[in-house]
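Order of listing sets the numbers, starting from 1, for every ligand and every atom in it.
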Amino acid sequence: MIIGGGVIGLAIARELRLKGVRKIAVLERGAVGREASHAAAGMLAPNAETEKLDEFYRLCDESNRLYPDFAAALFAETGVDVGFDRQGTLYLALTENDSEEIGRRFAWQRGAGLRVERLSAAETRRVEPFLSPDVRESLFFPEDRQVETRRLVAALERFAALNNIEIRERTSVARIVFENGRAAGAETEDGEKFFAGTVVLAAGAWSSQIAAGALALPAVKPVRGQIVAFQTAKRLFQRVIYSPRGYLVPRADGRVLAGATSEDAGFDKSVTTAAAARLRANALEIAPSLVNLEIVEQWAGLRPLAADRRPVLGSFPQVENFLLATAHFRNGILLAPVTARIIAEKIAENRDSDYLRAFGPERFRANDSRSLNISA
Ligand SMILES: Cc1cc2nc3c(=O)[nH]c(=O)nc-3n(C[C@H](O)[C@H](O)[C@H](O)COP(=O)(O)OP(=O)(O)OC[C@H]3O[C@@H](n4cnc5c(N)ncnc54)[C@H](O)[C@@H]3O)c2cc1C
């Protein structure tokens, strides 16, 4: 049984089915895929975003490498094209400070063996002619990609429908049920009980609100992210484009997404005019050619954040059939395939990935994980 029908819960359900698990249910409080997974920009950018080559980078990179097969398999299984796009990411310098930052990143990333190219202003505008004349230079990450998040969720939902995965919407889990030291199922707010051999908690930003008996679940906090979208008649940009202050994600249908805020607003998913103005200003700094375009859509979602900003994957040693797959923060779309693989291998084959050790819930025991600083 999986609690939470976002990209993480649905991807785990699919992987369990592919590994031959017969009875799979997803309990979802609202409608599947309508929370953070619906709001995400869909960037698969482990290289543009990394600050060091640690275990987290390796996890992100591995998931990025799984994506071509993941997207192709989903298309074969469901007929849904998830808009997997390999055009890469550009990271722009628009000020002197940005250039210093880019120089620093280029030096260490090249030194560490990442695939990154440094482009002059002229080279940058040759590949993306609609960028600002203020662009001084850029880094190009050819192995970063993007996916159309809403189609990804639709494909996973379709897979569930075609493969006899039970999806129970409008089913809000209040607590995990334990019997004889093992997880036995879940109980809803209305007192309805569901029983299962294994329970996976994948409830995103709400994960630590669910009671788990004597287990101290790591605190997971919501971090609101807002995005605005412009509509262009045809696709203006080929690549995902970052600046140190924002990003543009061009979709095949001509939409250009501009994101994203990072706000401590509790579970409030409202959008604000102040955020729209800021996102628009950041977008125009990157591409003044967007100036005459109206914002056609604005939305917000809640990123799930743990105290150390890393995902929580795996179980507590005392209750092995209760697993967590949560706190993917800014990278849940990128990390869906690798998370699904790690969790499904553990459940279906009792295989312990090294990542379960690195990202397991036990790592918080020594710390006070209840006080989180969510800045940035
Ligand atoms: C603005 C924005 C931009 C982003 N951009 C990117 C990006 O470019 N690339 C990237 O990789 N990631 C990005 N992310 C992050 C990504 O969206 C998340 O990490 C990912 O969606 C988390 O997936 P999830 O399934 O854990 O959470 P969610 O999609 O939030 O799903 C959790 C589900 O659990 C359900 N649930 C909650 N409580 C209960 C309960 N008690 N009982 C039953 N069900 C429950 C919820 O209703 C929800 O459907 C972005 C996020 C935001 C907000």
Worksheet entry | contact_flag Leu10 ligand 1 heavy-atom lt 4.0 Å | no
Practice prompt. Would you please say whether a donor-acceptor pair under 3.5 Å links the side chains of Gln226 and Glu263?
Written response: yes
Worksheet item: Applying the side chain to side chain contact (heavy atoms under 4.5 Å, CB included) test to Ile3, which of Thr326, Val200, Val26, Ile176 qualifies?
Response: Ile176
Item to complete: Classify the side-chain pair Ser270/Asp268 by whether it contains a donor and acceptor separated by less than 3.5 Å.
Response: yes
Item to complete: Please check if any side-chain donor atom of Arg86 sits under 3.5 Å from a side-chain acceptor atom of Gln146, or the reverse.
Response: no
Worksheet item: Who's the nearest protein heavy-atom neighbour of atom 45 (C) of ligand 1, and how far?
Response: Arg29 CB, 3.6 Å
Item to complete: Could you tell me how the ring of Phe322 sits relative to the ring of Phe316: parallel (under 30°), tilted (30 to 60°) or perpendicular (over 60°)?
Response: parallel
Worksheet item: Would you say ligand 1 has an N or O under 3.5 Å from any N or O of Leu302?
Response: no
Practice prompt. May I ask you to check whether Thr149 and His38 show a side-chain donor-acceptor distance below 3.5 Å?
Written response: no
Worksheet item: For Tyr57 and Asn47, does a side-chain donor sit closer than 3.5 Å to a side-chain acceptor?
Response: yes
Discussion item. To the closest 0.5 Å, what do you measure between CG (Leu92) and OH (Tyr247)?
Written reply: 15.0 Å
Fill in: Closest protein heavy atom (residue, atom, distance) for atom 12 (N) of ligand 1
Arg330 O, 2.8 Å
Worksheet entry | From Met43, Glu169, Glu49, Glu189 - option closest to atom 7 (C) of ligand 1 by heavy atom | Met43
Worksheet item: What residue and heavy atom of the protein are closest to atom 33 (C) of ligand 1, and at what distance?
Response: Glu28 OE1, 3.6 Å
Discussion item. List ligand 1 atoms under 4.0 Å from Ile8, heavy atoms only on the residue side.
Written reply: 23 (O), 24 (P), 25 (O), 26 (O)
Fill in: Protein contact of atom 20 (C) of ligand 1 - nearest heavy atom, named by residue and atom, plus distance
Gly332 CA, 3.7 Å
Worksheet item: Side chain or backbone of Val32 under 4.0 Å from ligand 1, or both, or neither, by non-hydrogen atoms?
Response: neither
Fill in: Atoms in ligand 1 with a heavy atom of Gly301 nearer than 4.0 Å
53 (C)
Fill in: Parallel, tilted or perpendicular: ring planes of Phe130 versus Phe237, cut at 30 and 60 degrees
perpendicular
Response to the item:
Within the 4.0 Å heavy-atom cut-off, what Leu334 brings close to ligand 1 is both
Response to the item:
Restricting to heavy atoms, the pick from Ala40, Gly6, Ser37 nearest atom 23 (O) of ligand 1 would be Ser37
Item to complete: Could you grab the distance from atom CD of Gln109 to atom CZ of Phe141, nearest 0.5 Å is fine?
Response: 4.5 Å
Worksheet item: Does ligand 1 have an atom that lies less than 4.0 angstrom from a heavy atom of Thr326?
Response: no
Worksheet item: Does Gly259 come within less than 4.0 angstrom of ligand 1, counting non-hydrogen atoms of the residue?
Response: no
Practice prompt. Just jot down the ligand 1 atoms closer than 4.0 angstrom to any heavy atom of Asn331, in number order.
Written response: 10 (C), 11 (O), 12 (N)
Worksheet item: Can you tell me the protein heavy atom closest to atom 36 (N) of ligand 1 and the distance?
Response: Ala203 CB, 4.0 Å
Item to complete: Would you mind listing which atoms of ligand 1 come within a distance below 4.0 Å of any non-hydrogen atom of Glu35?
Response: 30 (O), 46 (C), 47 (O), 48 (C), 49 (O)
Practice prompt. Check ligand 1 against His328 and write out every atom of the ligand that is under 4.0 Å from a heavy-atom position of the residue.
Written response: 19 (O)
Worksheet entry | Selected option - heavy-atom contact closest to atom 42 (N) of ligand 1, from Ile2, Val173, Thr188 | Val173
Worksheet item: So is Ala205 in contact with ligand 1, going by heavy-atom distances below 4.0 Å?
Response: no
Practice prompt. Just jot down the ligand 1 atoms closer than 4.0 angstrom to any heavy atom of Gly42, in number order.
Written response: 7 (C), 8 (O)
Discussion item. Only heavy atoms of Ala41, strictly under 4.0 Å: list the atoms of ligand 1 that pass.
Written reply: 3 (C), 4 (C), 5 (N), 6 (C), 8 (O)
Discussion item. Between Ser353 and Glu345, do the side chains contain a donor N or O and an acceptor N or O under 3.5 Å apart?
Written reply: no
Worksheet item: Which ligand 1 atoms are under 4.0 Å away from a heavy-atom of Ile210?
Response: 40 (C), 41 (N)
Worksheet item: Who's closest to atom 38 (N) of ligand 1 heavy-atom-wise, of Trp206, Phe329, Trp299?
Response: Trp206
Worksheet item: Between Val220 and Ser207, what is the shortest heavy-atom contact and its length?
Response: CG2-CB, 4.3 Å
Discussion item. Just to confirm my output: which protein heavy-atom neighbour is closest to atom 51 (C) of ligand 1, and how far is it?
Written reply: Arg303 CG, 3.6 Å
Worksheet item: Quick one: nearest non-hydrogen protein atom to atom 27 (O) of ligand 1, plus distance?
Response: Gly204 CA, 3.7 Å
Discussion item. Determine whether a donor-acceptor pair (N or O, by modelled atom type, separation under 3.5 Å) exists between the side chain of Ser63 and the backbone of Val338.
Written reply: yes
